[in-house]
Each structure stands twice: as C-alpha cells, then as structure tokens.
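The next block holds one structure in the form of structure tokens; read it before the comments.
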Amino acid sequence: MINKRVASVTEALQGVRDEMTFMLGGFGLCGIPENSIAELVRLGIRDITCISNNAGVDDFGLGLLLRKRQIRKMISSYVGENDEFERQMLSGELEVELTPQGTLAEKCRAAQAGIPAFFTPAGYGTEVAEGKETREFEGKMYVMEEAFRADFSIVKAWKGDEAGNLIFKGTARNFNPCMCGAAKITVAEVEELVPAGELDPNQIHIPGIFVQRIFRGDHYEKRIEQRTVRKR
Amino acid sequence: MINKRVASVTEALQGVRDEMTFMLGGFGLCGIPENSIAELVRLGIRDITCISNNAGVDDFGLGLLLRKRQIRKMISSYVGENDEFERQMLSGELEVELTPQGTLAEKCRAAQAGIPAFFTPAGYGTEVAEGKETREFEGKMYVMEEAFRADFSIVKAWKGDEAGNLIFKGTARNFNPCMCGAAKITVAEVEELVPAGELDPNQIHIPGIFVQRIFRGDHYEKRIEQRTVRKR
Amino acid sequence: MLDKDGIAKRIAKEVKDGYYVNLGIGIPTLVANYVPDGIDVEFQSENGVLGMGPFPYEGDEDADIINAGKQTITTLPGASFFDSAMSFAMIRGQHVHLTILGAMEVADNGDIANWKIPGKMVKGMGGAMDLVASAENIIVAMMHTNKAGESKLLKKCTLPLTGVNCVKKIVTNLAVLEIIDGGFRLLERAPGVSVEEIKQATEGRLVVEGDVPEMKL
Amino acid sequence: MLDKDGIAKRIAKEVKDGYYVNLGIGIPTLVANYVPDGIDVEFQSENGVLGMGPFPYEGDEDADIINAGKQTITTLPGASFFDSAMSFAMIRGQHVHLTILGAMEVADNGDIANWKIPGKMVKGMGGAMDLVASAENIIVAMMHTNKAGESKLLKKCTLPLTGVNCVKKIVTNLAVLEIIDGGFRLLERAPGVSVEEIKQATEGRLVVEGDVPEMKL
C-alpha cells in the first residue's frame, strides 16, 4: 500500500503558488473542499485560475477567494448565486469562461483518463463553439473540446483511507470524482480517514492511484443554499 | 420507479435477430452473461457481430456461439484462449477486428455517454491506426476513435434491483458497466435481484437508466480459466 | 390564462409512463407535483441523482442531498447517486427522455436562449446546453411575454443562444405550441384565452390550423 | 546467463517506492515476487484491480477475482476494483508509473512488437497497445534471442508493431540495455556473459561505453 496520508491541510497544499490553475470539486456549496478553500484564503496566493462548476456564494465557498481578489479567472458553468462575482465579472476585474456543465465534467474526466479531446453536441451553434472545431457524426453536429490542464485538483470526499481510496456521499459526489487525477497533484480532504483495508474494495468510488495527498478536514460547516422542506 | 424486471432470459432477449451487433460483458470467462449466451445459442441466430474483449474458450462463453458458427464478426482485444476461434480466423471464416483493450472500453463508454469520437494514443503508428485520423496534442500523437454502435448490450452483474440498478463484484465488473446503455437495448442478468429500495443509492455502480431489462440468471457455472493457488 | 402551477400541470400531461425526466429550475420543478398516479417516471437532476422524491420533512434535510436548484431533496426507492460525468453521460447519451426547462426566448425554428443577457446578466448555462443539444424531447415552460409585455416567441432569438433547432414544444400561460417546419403551431389555448390574444403575443410565425381547442387540465 | 526468475529479479530493482506498476503476462508477473521489503508499490491489473496480492490459498480462489492473465488472485489492504474504462483511465492518464511487459521484437528506436505473427498467430494486443502508448516508463522482459537463436533486439521490427518509440529499458537473459538516441546502450551484463556474446546476440545497434559491469542481483 502506498500511503497518501498527510498530517494537515497545510501539508496537503504544499506547493500551491500564485498563477496556478486549480480544479475544485463541489456543486453549489455541496461537496466543496471547505478546509482547503480556507487554507487557500489563508495562504493569500493570487492570480489563480479556478475550474469549478460554481463560484460559491458571497461569504462562503469560492466566494471567500473572490472577495479577497485571489482569483483572476473562473471556468464554470453557473455563477448565478454570487453578487460579488457578478460585479467583478461585469466590471472586467474577473475573467470568466463559461462552459456547459456536461462539457466541464467531461473535460475533467478526459484529463483524468488521458483523452486529449472529444466531441460533444453541447454548445453547437452557440458562442461556446466559437473558434472550436465542429464536425458531423451520423447527421448530427458536434463540437471538439479539449481536456483541462491544471496544477492542483482539490476534492472533498466522505470517507477515505490511507491508500487514497475515496467514497463520496449523496450528491456531494458531483464533480469531485471526475477531478481526481485530472491535475498534476490531487488533494483529497475527507470527513473520515480510516486505515487501508477498512473500506470494501468493491465499493470505492475513486481508487487511490488518482490521489496524491489525503487528510481529514477539521471542520465542515456544510452550509445549505436552499433549505426546502415540507411539513410533517 | 420504472420497473425493468422481466421474467426470464427468453423475455429479456426478445427482439434479437440475425445480423445484429451485440456487446457482451466479461473479461475472459469472468463476469460473462452465461445465461444470455446460452439463450443466444438456443435461439440459433446467425451472422451476428460480437463486441467482447475476449472470445471465450472452446467449450464455454462465446466459444459456444463460435462452435455453432453463429458469429460472423468479432471485435475484441485478445483472443488467445480459443483454438476454434484461431482456426476460423486464420481460415477466413470469421471476420476479426482487433482493438486495443482500453480503446475497446472507451468506445463502449463513449457510446454510453453520447460522445461520438475521442482521441487516444493507443495504437498510434501501428496497423490499428491505419485509415484513421491522427492528430498531435501537446507534442504527442493520437488516433481518433469512434463510439461503437450496437443493437443489444448484454451484461452480467452481481446484484440488481427492479429499477435496473446494478452492483458488480470484484473483477467480474470489467467491461460490464461500460457497455450498459451503449446499445439500443441493454439486458442485465444478475445473480441476485432485489426489490427497489434494498440497494444503497450511494453504492450503485450502474443506475437503472442505462438498463432496459433485468432478470435473475438461473445458473452460474463461473468457470475459472487459470486456477492459481498457493499452499497453506 | 394559466399561472405557473397551471403551466406545470399542463406539462405534466406530456410525461409518459417509463420516462426519465430532467426538470429545470423554476416552473419545471413544479411539474413533479402534477404527474398523474399510475404513470411511473423517474426524475434526474444533473448534479447527480436519479429517483428524486419530494422535499424532506423539516429537520430531515441533508446538506449532502440536493437537486440542481441547490434545494434539499429526498430520494425514492430505486434511486441512485453518481458523479457529474456519469450524469451527463445519461443526458448526452439520450437516456433521459424528456427535458423541461425555462427560456428567455424561443425562436420559431426551435432555437432557445436562456443563459445570458450581454452586459447585464450572466448566470451561465449550467447544464442547459448539454440538455438541449442532447434530449430528443424538449419542452419549454415559460410566460408567453416578458415583464415589458414583449413576446418571448420570436422569429429569431436576440439573446445568445443556448441551443439550435432543439425545442419541440412550448407551454406558456397562454398556449401550447409545437415547433414545426416554419413556425409555432398552435395546439391548445389556455382557458379563456382567444387565438387572437395568442397571435398578438407571438412575434414569431404562428401556424393556426382549424379550431384550436382549449386545454384540459 | 539469467533464467526467467533471474530476469524478474533484476527488473524488481527498477521498481521504486511509491510506484503503481502494471505487470504483463509471463516473466513480468514474476517480478512481484522479488520487490524488496520497504519498497511500497501497488500492482494494477488492467482487467480492473489495484492492490493485487499473492495467489489465494487452495480452496480460497474466487472466480470473480482474477488478474489480466485470468489467474485467480487475492487483494491487499487498500485494494480497489473498477471497470475497464476506469482501468484504462489509470493507464492512459499516466497514473500507472511503470509497465513491464514481454515482447517478440524490440527495435533500437524503442519500437516494440508483441501481438501478431501474420498468417500464423494472432492472439491480439489486449491492453499492450494502451500500455506502451501511455506509460512513461516501459521495461521489456524477454529472452535475448528467439527459439531459433535469432536476435530479438533489432534494427527494425519485422512483425506488426505494438507501439512506436516507447520502450525505455530491456532486461534479457543476457543483459540490461536502455534505449538511447540511436541504439541499445548496454548497461549491465548477466553473470558470466561477455560483451562479445551480447554483441553476437544483438542485431540492432549496440552502444558499448567503457567497462560494462556485471549485474548485481
């Protein structure tokens, strides 16, 4: 077993620098690497590019990095929950590349899987396809999209073991598995970190080979964006 | 819940015909849809194309279909365990398309995922790449491969539920998940079929949306090709 | 004229037994409330869940179980969770039969725009571009006109497109229309709405053939 | 001169701490037996397992748990099972650090042939084409000559290729060689084998620089 355990978030994020490109898991505030984001804020690195489906909210998630102006460029599919984001984008302070959600996921998965490019129908005929190669297959038009290239993937899982194996929970899974192994270094923070051998090998979502560093996150707020309930 | 359960292998394979293209899961004899293969033999359909990593052995797995000359064409990555196969191939009775194993898996997954084509480095500079588009990305050469098109995917899982959700066991997983939803109709045979709600939604390998018909296989021989053991 | 729930109710009639359905944010989400008994459907949410159920009882909500609108949800027996790549494999691979989503504009050739107002609002396309480029059946749920009273059913979209030639049907507060070669074909009128009112509110080419029935809800 | 176990033993020294390794069928499989203590490695088998252990005890074998050679195996703590697409994501995505495989022929530019003898034998490439096109480090384990006594280290492969310019190192019964620009560079001699004997058995360009040490096992 190759041990991927590191002692702390600080050790896990060793090597992050200004101007690097980061992939960050999560959908909205669900399944985001809270502890790592807090550490990126603390480290104060600047001019970074973030590949993340969303941009957090004003005072949580990636919104914390936006507020401190640490992000130069966002690559996302939906950014509608963040006023500060919209302000920076419309004023031109923040560069934004909007990508269809499925294409975003597949560009991560392609990087993970050593596929440099693939064809998708998403965005054909729209401004997303501008400047990109298009091609017909079986009478339908497709756009060629290339794999992402990033320095760090930072993901959050539910359970992990020392070998770096990961299990996600519910819809907190989302982009996290697709981002594992999709950057030069993958950092996984988990709620529960167990010795190798405790997880069922048949029920692992992401094998440890895709993860370079794993640590247990100290604190999870798990903020809910839209608390919707029905009466008993 | 959309119920995918059918009563028998006969019902599950309703609609199979001569000259159709089938994807069949399994690696060697591990994780093959034994009951469905027996039914295809019984039905006696001919001139079929099989997409399957291997071709079985002389008297088991796809070897049973080969022996009855039901297969016109095999698309596989490795066929080294079957004398009758080699005889039919060298004599020209059987058409064979050999494809790198990872490309085979990805062509299935691409069909499942609505990706018509992708680039892979496998086979560049070899006869596998002949007649295919090649392209350079980041200084490395790749071959463009297209998604498979098939009429039926026939897979074998360990556990399944009425909603078509599947869980595989050990290395019997192999190509089975990648083939689900990669053909017009996907048939899954399982060792254990439970009511919807009994499987943990977090631990499902293949969601039922990729499966049209599911049934419990009557009998599994699970033949071992290379029984290798050590002394106690 | 229909309210939002009315639109959802009418769209629910388009949902057939055995369908996997993706519901967009807003009116489409309401459709789940009106699917008739005996019609077995499963709702997919592109953030990674199939088999969505109703909202959780107070106190049962789980931050790790949400839909694409970031609302807390529950799951039904037979549900499954999966990652975003697999979620869009379902969508792109046309395993999801029906997509119901909102729009800012629809053109009479089936083009749709719903993600951006240049210089003013950019929320992003989310999964909408994948959905409209992939689904075989796309129904748009929206008001017939915008807040300024201008038609949202146009000859040509003025906003950046989400997808081209993809919308199959539109259900608005005034009417049900389908896209045919060369226009919006009027299928049904909302209760109490005249063909003339629909004509007035439709900028794109409207095709009216024979008597147009009032919709039944 | 080395036997098969000797070749495996020598290759085991190339396996570094923290490596994920894919072992081909035949001699490469034996390498697992000789990895020194204190070197943490995990073996991947392309049919869908990471963290392979030794063969099972008699009676413990499970038809559902095999390696790419179709042999019954066990797993070690930290192991995982996955599907073929994910398995080759590991390989193609260069997450597997080292591939050790057999060959029929290797050329002095790093080309390798190991899957087909036209008109005679066609077993197929299995995962070999993916492995050699992807891995950053590829070691070939083979006999220096074939059964007819002809060199398998050639100027140019005569058989259909498995991959081009990909082999990094070759360990045979006679020698350890690395591919450098323009030839096989002789790194080590097998015990009791002279440089002259290696020259005789090598058809491709052999580069001999200074004294060539005998290998230590």
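So that the names make sense, note that chain A is the first sequence line, chain B the second, and so on, each numbered from 1.
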Working to the nearest 0.5 Å, report the span between [atom1] of [X] and [atom2] of [Y].
| X | Y | atom1 | atom2 | answer |
| --- | --- | --- | --- | --- |
| B:T120 | D:R92 | OG1 | CZ | 4.5 Å |
| D:D83 | B:R109 | CG | CZ | 9.5 Å |
| D:M86 | B:N174 | CE | CG | 14.5 Å |
| D:L161 | B:Y124 | CG | OH | 11.5 Å |
| B:S76 | D:M125 | OG | CE | 10.0 Å |
| D:I73 | B:Q226 | CD1 | CD | 13.5 Å |

Checking heavy atoms, do the side chain of [X], its backbone, both or neither come under 4.5 Å from chain D?
| X | result |
| --- | --- |
| B:N54 | side chain |
| B:E225 | both |
| B:M141 | neither |

Selection from [options] maximising heavy-atom pairs under 4.5 Å formed with chain B:
| options | value |
| --- | --- |
| D:G163, D:A63, D:S134, D:S45 | D:A63 |
| D:E58, D:K120, D:K116 | D:E58 |
| D:Y57, D:F82, D:F81 | D:Y57 |

Find out whether [X] and [Y] are in side-chain contact, i.e. whether some heavy atom of one side chain is under 4.5 Å from a heavy atom of the other.
| X | Y | answer |
| --- | --- | --- |
| B:Q101 | D:F88 | yes |
| D:F55 | B:K231 | no |
| B:R230 | D:P54 | yes |

For the pair [X] (side chain) and [Y] (backbone), establish whether a donor and an acceptor sit closer than 3.5 Å, ignoring hydrogens and angles.
| X | Y | result |
| --- | --- | --- |
| D:D130 | B:G102 | yes |
| B:T228 | D:Q71 | no |
| B:T171 | D:I66 | yes |
| B:R173 | D:G48 | no |

For chain D, find which of B:A105, B:G170, B:G28 contributes the most heavy-atom pairs closer than 4.5 angstrom.
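Sorted descending by pairs with chain D, the first entry is B:G170.
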Under a 4.5 Å cutoff for heavy-atom pairs, which residue among B:Y142, B:F175, B:W158, B:F168 has the most contacts with chain D?
B:F175
Kindly confirm or rule out a cation-pi arrangement of D:K70 over B:F27, judged by NZ or CZ under 6.0 Å from the six-membered ring centre and within 45° of its axis?
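Verdict for B:F27: a cation-pi partner in D:K70.
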